[in-house]
Undergrad: 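Here it is, the structure in full.
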Amino acid sequence: MSKAPSFLRGQSLFARAIRGILMSPKATVALAVCLLLIAAAMLAPLLAPQNPYDLAQIDFFDSKLPPLSEGSTGITYWLGTDTQGRDMLSAMMYGLRTSLGVGLISGLFALAVGTSLGLIAAYAGGRLDSFIMRFVDLMLGFPTILVALMILVVFGQGTWKVILALVFVQWAYFARAVRAAALVESSRDYVEAAKCLGLSSPRILFAQILPNCLPPLIVIATIQVASAIAAEATLSFLGIGLPITEPSLGLLIANGYQVLLAGIYWMSVFPGLLLLVLVFSINLVGDRLRETLNPRLVQ
């Protein structure tokens with residue numbers, strides 16, 4: 001069985017993860033791209049040439065301009081404009097902000113719900129464990145997009161409704177992973193010692209067992225954030241995700257798709273490429289974390 005390099009053993013979880021990523025040129029570039037896109041999303045109001053949703057800054061006569069065109073006010077539209085005269089570069093930065101926000105928030109909530117239920121199932125055992133895990137199996141048996149579609153059809157559009165739908169379809173992945181790790185940790189001597197000391201069950205679960213279950217959770221959380229961003233883009237593309245007042249990359253792609261066959265490619269191709277780069281970079285980082293934090297490799 002292969003082992004991690006000696007300098008990765010004995011380090012903290014965070015240090016081991018960063019060192020492992022930096023050892024891989026592909027993962028390093030992917031991490032740099034992720035950080036760059038996150039910075040661009042957070043600083044969109046400062047970096048974007050235009051607020052694409054401020055009517056005072058939009059000129060309808062500049063609609064459907066190709067990339068590198070100069071607008072009526074002398075502004076250069078590096079990635080062109082859409083059908084309403086909005087700068088595509090600015091719209092993509094704002095859309096990236098929305099997509100990342102939805103993906104991160106839904107991932108964090110799914111992590112909290114799934115981790116809590118997985119720990120409870122592993123620690124309690126018996127009928128409660130069986131009930132929780134059968135529900136997990138049921139959730140994992142349905143396609144993610146199908147379940148999210150059903151939820152949004154019932155509750156309607158809205159940012160928090162999309163987040164709720166994504167949490168509902170993602171928590172089961174965390175629950176199964178943390179239960180498997182917690183079952184191994186529950187048999188350790190330190191758990192028996194904590195019980196003998198009279199520590200409460202919540203303290204044993206969240207202060208003793210949970211820290212030792214973090215490696216697989218970090219890997220799954222990274223991958224699920226990418227999955228949430230892709231799922232939200234799919235839902236928005238289908239017209240039942242985020243409202244037009246809070247457009248994401250998926251909604252930008254949908255808007256451009258309507259005029260794609262007319263030769264106006266930039267309205268959907270550029271947001272699509274940005275979405276592809278974002279999801280691919282996050283998945284590369286997650287795959288490298290899986291290799292680095294795999295407990296079978298750290299011996």
Side-chain angles (χ1 to χ4, degrees), residues 30-31 33-42 44 92-118 136 138-178 214 216-243 246-254 271-290:
L31 178 62
V33 171
C34 290
L35 294 176
L36 179 63
L37 293 179
I38 291 173
M42 294 178 62
M92 287 167 57
M93 293 178 70
Y94 276 80
L96 177 65
R97 191 181 196 190
T98 303
S99 295
L100 274 173
V102 170
L104 290 173
I105 293 174
S106 62
L108 288 175
F109 276 108
L111 171 65
V113 174
T115 298
S116 300
L117 292 176
V136 168
L138 179 65
M139 290 298 304
L140 296 178
F142 289 97
T144 299
I145 294 298
L146 177 60
V147 177
L149 278 171
M150 293 172 60
I151 294 174
L152 291 176
V153 166
V154 173
F155 293 101
Q157 288 183 317
T159 301
W160 285 104
K161 294 174 184 176
V162 172
I163 292 174
L164 175 63
L166 293 176
V167 170
F168 189 76
V169 299
Q170 287 187 317
W171 70 268
Y173 295 96
F174 295 99
R176 170 167 285 184
V178 76
L214 287 180
L217 285 179
I218 293 174
V219 176
I220 294 175
T222 305
I223 296 174
Q224 287 304 311
V225 166
S227 298
I229 292 173
E232 179 277 318
T234 303
L235 294 171
S236 295
F237 181 83
L238 295 174
I240 60 171
L242 299 181
E246 299 179 53
S248 65
L249 294 178
L251 192 56
L252 292 177
I253 297 172
L273 289 176
L274 179 58
L275 178 64
L276 177 65
V277 170
L278 175 62
V279 174
F280 185 68
S281 299
I282 297 176
N283 280 327
L284 273 181
V285 173
D287 188 61
R288 182 57 184 172
L289 287 175
R290 179 185 59 79

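Hydrogens, waters and symmetry mates are skipped; everything else that's a heavy atom, side chains included, is used. Note that the structure is a prediction, hence the values are computed from the model and not measured.
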Undergrad: I need the minimum non-hydrogen distance between V178 and T115, along with the two atoms involved.
TA: CG1-O, 3.7 Å
Undergrad: State which residues pass ring pair (Phe, Tyr, Trp, His ring centres under 6.0 Å) with F168; sequence neighbours excluded, sorted by chain then number.
TA: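 Partners of F168 under the ring pair (Phe, Tyr, Trp, His ring centres under 6.0 Å) test: none.
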Undergrad: Looking only at heavy atoms, what is the nearest atom pair of L251 and P243, with distance?
TA: CD2-O, 3.8 Å
Undergrad: Heavy atoms only: give me the nearest L166-A231 pair and the separation to one decimal.
TA: CD2-CB, 3.7 Å
Undergrad: What pairs with R176 under side-chain hydrogen bond (donor to acceptor under 3.5 Å, both in side chains), at least two apart in sequence or on another chain?
TA: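 With neighbours one apart ignored, the set is D137.
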Undergrad: Which residues pass the side-chain hydrogen bond (donor to acceptor under 3.5 Å, both in side chains) test with N283, not counting sequence neighbours?
TA: none
Undergrad: Could you tell me the separation between the CD1 atom of I218 and the CD1 atom of I223, rounded to the nearest 0.5 Å?
TA: 12.5 Å
Undergrad: I'd like to check I105 versus W160 (side-chain heavy atoms, cut-off strictly below 4.5 Å). Are they in contact?
TA: yes
Undergrad: Counting C-beta onward and ignoring hydrogens, is there a side-chain heavy-atom pair between L238 and L149 closer than 4.5 Å?
TA: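 In short, these two side chains touch, coming nearer than 4.5 Å.
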Undergrad: Closest heavy-atom contact between L152 and I240?
TA: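 Closest pair (atom of L152, atom of I240, distance): CD1-O, 3.3 Å.
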Undergrad: Tell me, please, which residues at least two apart from Y173 pass side-chain contact (heavy atoms from CB on, under 4.5 Å).
TA: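 Y173 satisfies side-chain contact (heavy atoms from CB on, under 4.5 Å) with L140, T144, I220, Q224 only.
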Undergrad: side-chain contact (heavy atoms from CB on, under 4.5 Å) with A175: which residues, sequence neighbours excluded?
TA: V136, W171
Undergrad: Please report the interatomic distance CG(L235) to CD(E232), rounded to the nearest 0.5 Å.
TA: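 Going from CG on L235 over to CD on E232, the span is 7.0 Å.
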Undergrad: What are the two closest heavy atoms between I253 and P271, and how far apart are they?
TA: CG1-CB, 3.8 Å
Undergrad: Locate the shortest heavy-atom distance separating L278 from L100; write the atom from each residue and the value.
TA: CD1-CD2, 4.0 Å
Undergrad: State the CG-CG distance between L252 and L275, to the nearest 0.5 angstrom.
TA: 10.5 Å
Undergrad: Would you say S227 and Q170 are linked by a side-chain donor-acceptor pair, where the criterion is simply a distance under 3.5 Å?
TA: no
Undergrad: State whether the side chain of S99 and the backbone N or O of L249 hold a donor-acceptor pair below 3.5 Å, judged by distance alone.
TA: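 A pair under 3.5 Å: yes.
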Undergrad: Quick one: do I282 and T222 satisfy side chain to side chain contact (heavy atoms under 4.5 Å, CB included)? Show the steps, please.
TA: CA-CA 7 Å; I282 297 176; T222 305; 3.9 Å; yes
Undergrad: Does some side-chain heavy atom of D287 sit less than 4.5 Å from a side-chain heavy atom of R290?
TA: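 R290 vs D287: side chains touch.
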Undergrad: List for me each residue that meets side-chain hydrogen bond (donor to acceptor under 3.5 Å, both in side chains) alongside T159, sequence neighbours excluded, and say none if there are none.
TA: E246
